[in-house]
Amino acid sequence: KGSLHKVIEMSQDITELETKNYWMRKFRRAKTKDTLAHMFERAEQRYSNASKIVASIYIAECQRTREIESGVILNK
């Protein structure tokens with residue numbers, strides 16, 4: 001692939017990482033609050049320099065925590 005194509009793919013990946021829905025899909029793999037905490041910490045550390053991504057991570061983590069507390073177990 002050409003370098004321009006790679007830049008476009010990277011841009012699309014970053015845009016997806018900035019969405020709450022992306023992180024909800026990832027965090028719904030967690031079935032317990034402990035697992036979610038580990039996933040959250042790892043994601044937060046990995047993207048700590050990207051504020052839009054971290055904001056999406058926080059929002060998705062809060063929503064998934066409420067789902068787990070409510071007994072909602074999803075894999076979607």
Side-chain angles (χ1 to χ4, degrees):
K1 295 180 181 179
S3 61
L4 178 60
H5 189 58
K6 288 181 183 177
V7 169
I8 292 170
E9 280 185 356
M10 287 174 40
S11 175
Q12 289 172 335
D13 291 343
I14 290 170
T15 301
E16 185 178 15
L17 291 172
E18 292 174 350
T19 67
K20 177 193 78 164
N21 289 335
Y22 173 83
W23 292 103
M24 285 302 300
R25 285 192 305 273
K26 289 191 84 66
F27 290 160
R28 281 187 172 143
R29 295 177 188 159
K31 306 299 182 231
T32 67
K33 288 170 60 173
D34 287 339
T35 304
L36 179 60
H38 290 293
M39 293 172 75
F40 169 74
E41 289 170 14
R42 185 166 183 223
E44 183 186 34
Q45 289 173 356
R46 183 172 184 189
Y47 297 103
S48 62
N49 61 343
S51 60
K52 288 182 180 180
I53 295 173
V54 171
S56 295
I57 291 169
Y58 272 94
I59 293 167
E61 187 268 343
C62 289
Q63 184 173 336
R64 183 59 185 143
T65 297
R66 287 192 304 269
E67 288 178 351
I68 291 171
E69 289 172 347
S70 300
V72 177
I73 305 297
L74 301 170
N75 289 321
K76 298 179 184 177

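Because the structure is a prediction, the values reported are computed rather than measured.
- Heavy atoms only, all atoms of each residue included: V54 and S48 are closest at CG2-CA, 4.0 Å.
- When all heavy atoms of I68 and L36 are compared, the closest pair comes out as CD1-CD2, 4.0 Å.
- The structure places OG1 of T35 at 6.5 Å from NE2 of H38, a figure rounded to the nearest 0.5 Å.
- From W23, atom CH2 reaches atom CD of E18 across 11.0 Å, with rounding to the nearest 0.5 Å.
- Side-chain atoms of S70 come within 3.5 Å of backbone N or O of R66 as a donor-acceptor pair.
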Item to check | Evaluation steps, side-chain contact (heavy atoms from CB on, under 4.5 Å), between I57 and F27 | outcome: CA-CA 9 Å; I57 291 169; F27 290 160; 4.0 Å; yes
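- Applying side-chain contact (heavy atoms from CB on, under 4.5 Å) to K20 and the options E61, Q63, R25 leaves one that passes, Q63.
- Taking each heavy atom of N49 and R46 in turn, the nearest pair found is OD1-O, 4.5 Å.
- Checked against side-chain hydrogen bond (donor to acceptor under 3.5 Å, both in side chains), T19 has no partners two or more places apart in sequence or in another chain.
- Scanning for side-chain hydrogen bond (donor to acceptor under 3.5 Å, both in side chains) contacts around K33 gives E69, with sequence neighbours left out.
- For Y22, the ring pair (Phe, Tyr, Trp, His ring centres under 6.0 Å) criterion is met by no residue, not counting sequence neighbours.
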Item to check | Trace of the salt bridge (charged side-chain N to carboxylate O under 4.0 Å, His left out) decision for R64 with E67 | outcome: CA-CA 5 Å; R64 183 59 185 143; E67 288 178 351; 2.9 Å; yes
